[in-house]
Protein chains: 2
Amino acid sequence: MNIRTLCLGILQFDDATGYEINKLVADGRFSHFIEASYGSIYPALTKMMQEKLVTCRTEIQPGKPSRKIYAITPAGQEELFRALEDTPRPNRFKSEFLFLGLFANMLPADLMEKAFTHHENELMTLVEDMQDHCNHCDNPGSKFAIGYGIAANKAALEYLRQNKHLLLESDPAEPVSTDVTKEPSHE
Amino acid sequence: MNIRTLCLGILQFDDATGYEINKLVADGRFSHFIEASYGSIYPALTKMMQEKLVTCRTEIQPGKPSRKIYAITPAGQEELFRALEDTPRPNRFKSEFLFLGLFANMLPADLMEKAFTHHENELMTLVEDMQDHCNHCDNPGSKFAIGYGIAANKAALEYLRQNKHLLLESDPAEPVSTDVTKEPSHE
DNA sequence: CTGCTATATATCATATCTATATATAGCGCG
DNA sequence: CGCGCTATATATAGATATGATATATAGCAG
C-alpha cells in the first residue's frame with residue numbers, strides 16, 4: 001500500500017485539497033494508517049490527475065493561493081478497491097522511547113525520569129484525544145480503528161505505570177522478593 | 001534519532017557486521033525502535049568509520065565474502081549518549097489493516113473476513129514470539145520494551161476479538177439452523 | 001542436482017521526508 | 001499599530017531511505 005492508495009482512500013470519503021489531505025494524515029482521522037507528507041502527497045495527486053484517477057477543480061480565492069480540490073473518479077475507485085485486495089502489510093510499531101530504555105543503566109537518572117514522565121504524558125494525551133475523537137465519529141471503520149488504538153495505548157500506559165520502576169532504579173524500599181541470592185549491586 | 005544512532009546503540013551492546021545489524025533490526029532484539037535496511041545501514045557504517053565513531057576489523061572467510069566486524073569507539077559512545085539526550089520522538093504506529101477496515105462496508109465480506117483472520121493470526125504469533133523472547137532475555141531495557149509490546153498487542157488482540165463483529169456485518173439473526181434447540185451456536 | 005535458505009557486502013532506481021520558498025489573513029500582545 | 005505567531009495553500013530541492021537486485025558460496029531437503 002502506498003501514498004496513492006492512501007490519497008484515493010481519503011478522497012473516497014470526501015473531496016479534498018493536498019493541504020487538507022496532509023492535515024488528515026498528519027493529525028486527523030487518517031493518521032494511524034500510512035505515513036505521508038507534502039513531498040509525497042502533491043506529486044501523487046498530480047500524477048493521478050494525469051492518469052484520470054482523480055479530477056481537480058480550482059477554487060480561486062482572492063489574495064490567497066487557489067484551492068485545488070481533488071475528487072476521485074470511477075477509475076480511481078477501481079484502482080483503490082483493487083489495491084485493497086492485497087493483504088495489508090503487518091502493523092508497524094516503532095518507539096524511540098523504548099530504544100532509550102535500553103540504555104537506562106548507562107544514563108543519568110534524571111534524564112530517564114524526564115523521558116518517562118514525558119512519555120507518560122504523551123500517552124495520556126493521545127488516549128484522551130482518541131477518546132474525544134471517538135465520540136464525534138460516526139463512520140464504523142474509523143470508530144473501530146480508534147477503539148483499537150485506545151485499547152493498545154491504554155494497555156501501554158498501564159504497563160508503563162506499573163513497570164517503570166524496573167528502569168528507574170528508584171524504590172528499593174519495597175524489594176519484590178526477599179530470597180534472591182544474587183547481589184544486585186553490580187554497575 | 002537516526003540510523004547512525006541506532007547502529008551505535010546496537011554496537012554498544014556487541015560488535016556486529018552490517019548483515020547482523022540488519023537482522024537485529026528486521027527481526028531481532030532491536031526491531032521495535034527505529035526502522036532501517038541494508039541501503040541505510042551499510043552507508044551509515046562506512047561514514048561512521050571515516051569519522052572514527054566505529055572501527056572495523058575484517059575477518060576473511062575462505063570462499064565467502066569477508067565479515068567486516070564493526071565496533072564502537074569512545075568517540076562513538078560520546079555521539080551515542082549525546083544523541084540519547086534528545087527527547088525521543090513520539091511512538092509511531094501505523095496499520096494498513098485498520099485502513100482496510102475503513103472500507104469494510106464497501107468490500108466483499110469474504111475479503112474482510114480473510115483480512116481479520118490473517119491479522120488476528122499475525123497478532124497472536126507476534127505476542128507468542130515476544131513472550132518467548134522475553135523469557136530468554138536478561139537485559140532489563142530489552143525486557144521492559146518487550147513487555148511493553150506484549151501488553152499493547154495483547155490488548156489490541158483482545159479488542160479485535162471482541163469488536164470484529166462491528167465490521168463483519170454481523171448477522172445476529174439465527175441463520176441456517178434447522179434445529180430449534182436452545183443450544184447457543186458456536187464454531 | 002535443483003531449488004531454497006542462509007551468510008555477507010554493496011549499490012541503483014525509486015520513493016519519501018524535511019525543510020524551505022512564496023503569499024496572504026487573522027489573532028493576541030505590549 | 002506593528003511584531004511575531006499560527007493557519008491556509010501550493011510547490012519543490014536536496015537529503016535520506018527503501019526495496020530490489022547483483023555477486024558469491026555453503027548447506028540442506030526432496
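Per chain, numbering begins at 1; letters A, B, ... match sequence-line order. These figures come from a predicted structure and were not determined experimentally.
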Q) Would you say A/T17 reaches D/dT8's phosphate, i.e. side-chain N/O to OP1/OP2 under 4.0 Å? A) no
(Q) In whole Å, I'd like the distance from the CG atom of B/D27 to the C1' atom of C/dT7. (A) 14 Å
Q | From CD (A/Q162) to CG (A/L157), nearest 0.5 Å | A | 10.0 Å
Q.
Check for me whether the distance between the ring centres of B/F33 and A/F103 falls short of 6.0 Å.
A. no
Q: Rounded off to whole Å, could you give me the CD1-to-P distance for the B/I41 and C/dT9 pair?
A: 11 Å
**Q.** Shortest side-chain distance from A/N2, nucleotide among D/dA17, C/dA8, C/dT16
**A.** C/dT16
Q. Do B/F30 and A/F99 have their ring centres less than 6.0 Å from each other?
A. no
(Q) Can you tell me if A/S37 touches the phosphate of C/dC17, counting only side-chain N or O atoms and a distance under 4.0 Å to OP1 or OP2? (A) yes
Q.
What contact category does A/G39 fall into here, base, sugar-phosphate, or nothing, at under 4.0 angstrom with non-hydrogen atoms?
A. base
Q) Does D/dT25 have OP1 or OP2 sitting under 4.0 Å from an N or O in the side chain of B/R67? A) no
Q. Atom CG of A/L6 to atom C1' of C/dA15: distance rounded to whole Å?
A. 14 Å
(Q) Just to be sure I understand the rule, does A/T46 reach a base, reach only the sugar-phosphate, or reach nothing, if contact means heavy atoms closer than 4.0 Å? (A) nothing
Q. Do any side-chain nitrogens or oxygens of A/Q61 fall under 4.0 Å of OP1 or OP2 in C/dT24?
A. no
Q. Taking all non-hydrogen atoms of both residues, which atom of B/I150 and which atom of B/C134 are closest, and how far apart?
A. CD1-CB, 4.3 Å
Q. Does B/G18 or B/R92 map to a spot on DNA chain C nearer the 5' end, using the closest nucleotide for each?
A. B/G18
Q: Count the heavy atoms of every other residue, nucleotide or ligand shown that sit under 6.0 Å from CD of A/E158, and state whether that count exceeds 12.
A: no
Q: Rounded off to whole Å, could you give me the CD-to-C1' distance for the A/E35 and C/dC17 pair?
A: 10 Å
Q: Figure out the CE/C1' separation between B/M1 and D/dT16, and round it to whole Å.
A: 18 Å
Q: Take the protein atom OH of A/Y70 and the nucleotide atom C1' of D/dA11, then report the distance between them rounded to whole Å.
A: 10 Å
Q | Whole angstrom value for the distance that separates P of D/dG19 from CD1 of B/I3 | A | 11 Å
Q. Between B/Y19 and C/dT9, does any side-chain N or O lie under 4.0 Å from OP1 or OP2?
A. no
Q: Just compare C/dA10, D/dG19, D/dA9 and give me whichever is closest to any side-chain atom of B/K68.
A: C/dA10
Q. Counting side-chain heavy atoms from C-beta on, which of C/dC17, C/dT11, D/dT12 comes nearest to A/Y42?
A. D/dT12
Q. In whole angstroms, how far is the C1' atom of C/dT16 from the CZ atom of A/R4?
A. 15 Å
Q | Distance test, side-chain N/O of B/K23 to OP1/OP2 of C/dA8, below 4.0 Å | A | no
